[in-house]
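Inspection log for the structure reproduced underneath, given as structure tokens.
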Amino acid sequence: MGLHREALSGRRGFTLLELVITLAVLAIAVGLAIPTIGRSTEAIRVRADVAGFSALLRHARERAIVTRKTQAVVVDTIARRVSLMAGGPDGQVRETRALPERLTVQAEPPPALVVRFEPQGGSSGGDFRLTSGGVVYRVRVDALTGRVRSSRE
């Protein structure tokens, strides 16, 4: 027993220098990881905004088919809102959603901020560019089928 006790008493804990170096390495690792987390958080927000925009377009197509009445999605970039109109662009407002402040919506060509969905499933077509920070998505509405697709650029 005496020999065992002497062996344990000769052991020492970590030195102050070892602890300081370990903490410095951890601080550098965290410092490098935080900007990456911030960028991925922004990408997730933009993806959610694009999903909401695309969902409204899909909803308008489904509504046109089910109700057998033309529906339109009108993007108002000045008032920063998107509206679903029953009966076409001059019809009754069924739903309005605000565009997030961080999101910029551009139509290609620029005057094409209205997409009409017909009861047979077709549409007037549309091509939108949604941008937030450095993240860019393209949302396209096929004129023949009315299908909505989004992709990151």
Side-chain angles (χ1 to χ4, degrees), residues 14-153:
F14 294 107
T15 65
L16 182 59
L17 181 60
E18 290 171 331
L19 288 173
V20 168
I21 290 172
T22 303
L23 290 175
V25 169
L26 286 173
I28 290 170
V30 168
L32 292 174
I34 287 178
T36 303
I37 292 169
R39 281 193 300 271
S40 64
T41 302
E42 177 62 24
I44 290 169
R45 280 191 196 115
V46 174
R47 193 174 356 175
D49 293 340
V50 169
F53 184 82
S54 298
L56 184 61
L57 291 166
R58 288 184 185 102
H59 176 65
R61 178 178 181 257
E62 291 168 8
R63 186 166 177 77
I65 294 169
V66 170
T67 63
R68 298 198 169 283
K69 292 182 181 172
T70 300
Q71 305 289 312
V73 174
V74 179
V75 180
D76 186 343
T77 56
I78 295 168
R80 305 210 40 79
R81 66 178 175 232
V82 181
S83 300
L84 172 59
M85 314 289 281
D90 298 323
Q92 178 185 10
V93 177
R94 302 292 301 164
E95 183 177 343
T96 299
R97 295 183 187 175
L99 288 170
E101 287 296 322
R102 63 185 170 274
L103 190 68
T104 302
V105 179
Q106 297 170 313
E108 311 242 343
L113 291 169
V114 176
V115 179
R116 291 174 55 99
F117 291 93
E118 301 301 332
Q120 299 79 19
S123 74
S124 62
D127 190 359
F128 298 94
R129 188 170 191 240
L130 284 73
T131 309
S132 180
V135 183
V136 178
Y137 275 85
R138 177 83 76 201
V139 177
R140 291 187 173 100
V141 180
D142 185 83
L144 185 59
T145 64
R147 291 197 171 234
V148 179
R149 297 177 192 213
S150 62
S151 60
R152 187 169 177 180
E153 291 189 347

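Below, all heavy atoms of this structure are taken into account, side chains as well, without hydrogens, waters or symmetry copies.
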Value rounded to 0.5 Å, distance of CD in Glu108 from CZ in Arg140 = 8.5 Å

Among Arg63, His59, Met85, find the one that has a side-chain contact (heavy atoms from CB on, under 4.5 Å) with Arg94.
-> Arg63

Flag the pair Arg47 / Tyr137 as yes when at least one side-chain heavy-atom distance between them is below 4.5 Å, and no otherwise.
-> yes

Side-chain donor/acceptor of Ser132 to backbone N/O of Arg102, under 3.5 Å = yes

Ignoring hydrogens and angles, tell me if any N or O in the side chain of Arg138 forms a donor-acceptor pair with the backbone of Glu153 under 3.5 Å.
-> no

Rounded to the nearest 0.5 Å, how far apart are CZ of Phe117 and CZ of Arg58?
-> 9.5 Å

First locate atom CZ of Arg61, then atom CZ of Arg147, and finally report the distance between them rounded to the nearest 0.5 Å.
-> 6.0 Å

Where the side chain of Thr145 meets the backbone of Gly121, is there a donor-acceptor pair that is under 3.5 Å apart?
-> no

Is a donor on one side and an acceptor on the other found under 3.5 Å between the side chain of Arg80 and the backbone of Ala98?
-> no

Once you round to the nearest 0.5 Å, how far does CD of Gln106 lie from CG of Asp127?
-> 11.0 Å

Would a 4.5 Å heavy-atom cut-off, applied to side chains only, mark Arg97 and Leu56 as touching?
-> yes

Do you know which two heavy atoms are closest between Ala72 and Gly88, and how far apart they sit?
-> CB-C, 3.5 Å

Does any non-hydrogen side-chain atom of Phe53 lie less than 4.5 Å from one of Asp49?
-> no

